[in-house]
2 protein chains.
Amino acid sequence: MKTYTLDEVQDKIIGKKGTPNRDKFEYELQMDLIGKAIKESRQERKLTQEQLGELVGVQKAQISRLESNASNVTIDTLMKVFTALKAKVKLQVELPNAKFNVAR
Amino acid sequence: MKTYTLDEVQDKIIGKKGTPNRDKFEYELQMDLIGKAIKESRQERKLTQEQLGELVGVQKAQISRLESNASNVTIDTLMKVFTALKAKVKLQVELPNAKFNVAR
DNA sequence: AATAAAGTTTCATTATAATGAAACTTTATT
DNA sequence: AATAAAGTTTCATTATAATGAAACTTTATT
């Protein structure tokens with residue numbers, strides 16, 4: 001099976017690190033994943049959009065929109081959905097250490 | 001050189017588990033902790049609110065409000081801030097398996 | 001093929017997130 | 001103690017997230 005480094009794939013497809021396009025893509029990628037995460041979680045729970053909507057307290061249309069990243073969701077909305085799915089959600093923030101830049 | 005299959009790349013981008021850590025902060029994704037994450041990250045970078053504001057493109061007042069959870073931030077806002085801080089942010093969604101409940 | 005179920009899109013409305021400006025307060029520096 | 005720097009709060013405005021309803025499309029079932 002052919003394999004790629006993460007950087008190889010990303011560089012080739014979307015440009016080198018630090019370039020505007022790359023930053024934007026990674027940023028959008030995060031956003032895209034939100035809807036994907038909701039959809040996959042819902043399917044894992046074997047629920048229809050309508051059923052999830054009932055649990056959350058919204059119409060199925062709204063679930064559809066959330067899954068398709070139709071808008072820029074708030075944390076509140078995100079939590080309502082994942083709570084309904086009985087999912088544990090964590091935000092992991094990693095600050096790559098800048099020490100080595102200084103060490104030169 | 002470490003390589004990845006396409007699936008592994010996906011896992012890496014999405015963030016499954018067992019990811020490396022340096023300065024890693026894990027927060028339960030709750031509204032009140034978002035601000036804390038921003039503040040601690042900013043301080044880790046030794047920036048004032050005004051300096052971070054310049055990087056993000058907003059006034060220091062806005063940074064202050066974000067850090068104090070004055071509102072229900074959107075993913076977009078969150079990403080703008082963490083991108084300015086050169087932080088990597090991952091959303092971890094865990095779906096506790098219901099199998100064992102049934103087993104009983 | 002018909003029908004039902006599931007999912008999507010559009011339109012319109014309401015609530016509120018995002019934000020600057022400026023006054024204000026708290027904390028640090030001299 | 002004075003002064004400067006950093007951070008907070010309030011007021012007002014604009015953009016948009018959240019949402020239902022209903023028509024519509026796609027997918028599954030009979």
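Numbers restart at 1 for each chain; the letters A, B, ... are given by sequence-line order, proteins then strands.
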Asks: Taking side chain to side chain contact (heavy atoms under 4.5 Å, CB included) as the test, write out the residues that go with A/Ser41, two or more places apart.
Replies: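 Scan of A/Ser41 (side chain to side chain contact (heavy atoms under 4.5 Å, CB included), adjacent residues dropped) gives A/Phe82, A/Leu85, B/Val93, B/Leu95.
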
Asks: If you write DNA chain C from 5' to 3' in dot-bracket form, with Watson-Crick or G-U pairs under 3.5 Å, [ ] for crossing pairs and | for pairs with another strand, what do you get?
Replies: ||||||||||||||||||||||||||||||

Asks: List for me each residue that meets side-chain hydrogen bond (donor to acceptor under 3.5 Å, both in side chains) alongside A/Thr74, sequence neighbours excluded, and say none if there are none.
Replies: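 In terms of side-chain hydrogen bond (donor to acceptor under 3.5 Å, both in side chains), with neighbours along the sequence ignored, A/Thr74 is linked to A/Thr77, B/Asn72.
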
Asks: For A/Arg42 and B/Leu66, take the nucleotide of DNA chain C holding the closest heavy atom to each; which residue's nucleotide lies nearer the 5' end?
Replies: A/Arg42

Asks: What do you reckon, is CD of A/Glu44 surrounded by more than 12 foreign heavy atoms closer than 6.0 Å?
Replies: no

Asks: Tell me every residue that passes side chain to side chain contact (heavy atoms under 4.5 Å, CB included) with A/Gln51, counting only those two or more places apart in sequence or in another chain.
Replies: A/Leu47, A/Thr48

Asks: List for me each residue that meets salt bridge (Lys or Arg N to Asp or Glu O under 4.0 Å) alongside A/Lys60, sequence neighbours excluded, and say none if there are none.
Replies: none

Asks: Restricting to side chain to side chain contact (heavy atoms under 4.5 Å, CB included), what partner residues turn up for B/Ala61, sequence neighbours left out?
Replies: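 Per chain and number, B/Ala61 pairs via side chain to side chain contact (heavy atoms under 4.5 Å, CB included) with B/Arg65.
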
Asks: What protein N or O atoms touch nucleotides 12-16 of chain D N or O atoms at under 3.5 angstrom, if any, and at what distances?
Replies:
none

Asks: For A/Gln49 and D/dT25, what is the distance between atoms CD and P respectively, to the nearest whole Å?
Replies: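 From A/Gln49 CD to D/dT25 P: 17 Å.
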
Asks: Side-chain N or O of B/Thr77 less than 4.0 angstrom from OP1 or OP2 on C/dA18?
Replies: yes

Asks: What pairs with B/Arg42 under salt bridge (Lys or Arg N to Asp or Glu O under 4.0 Å), at least two apart in sequence or on another chain?
Replies: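 Scan of B/Arg42 (salt bridge (Lys or Arg N to Asp or Glu O under 4.0 Å), adjacent residues dropped) gives B/Glu67.
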
Asks: Enumerate all atom pairs, one protein N or O and one N or O from nucleotides 20-22 of chain C, separated by less than 3.5 Å.
Replies:
unit_1 : atom_1 : unit_2  : atom_2 : d
C/dG20 : OP2    : B/Gln59 : N      : 2.8
C/dG20 : N7     : B/Arg65 : NH2    : 3.0
C/dG20 : O6     : B/Arg65 : NH1    : 2.7
C/dA21 : N6     : B/Arg65 : NH1    : 3.4

Asks: Can you find a pair of side-chain heavy atoms, one from A/Val73 and one from A/Ile34, that are under 4.5 Å apart?
Replies: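 Yes. Closest side-chain heavy atoms under 4.5 Å.
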
Asks: All N/O contacts under 3.5 Å from nucleotides 26-28 of chain C to the protein, with atom names and distances to one decimal?
Replies:
none

Asks: Does A/Lys80 have any side-chain hydrogen bond (donor to acceptor under 3.5 Å, both in side chains) partners at least two apart in sequence or in another chain, and if so, which?
Replies: A/Asp76

Asks: Answer with base, sugar-phosphate or nothing: what part of the nucleic acid does A/Ser64 contact at a heavy-atom distance below 4.0 Å?
Replies: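 Result for A/Ser64 = base.
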
Asks: Starting from the 5' end of DNA chain D, give me the residue, A/Ala70 or B/Leu47, whose nearest nucleotide shows up first.
Replies: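 Nearest nucleotide further toward 5': that of B/Leu47.
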
Asks: Between C/dA5 and A/Thr48, is there an OP1 or OP2 to side-chain N/O distance shorter than 4.0 Å?
Replies: no

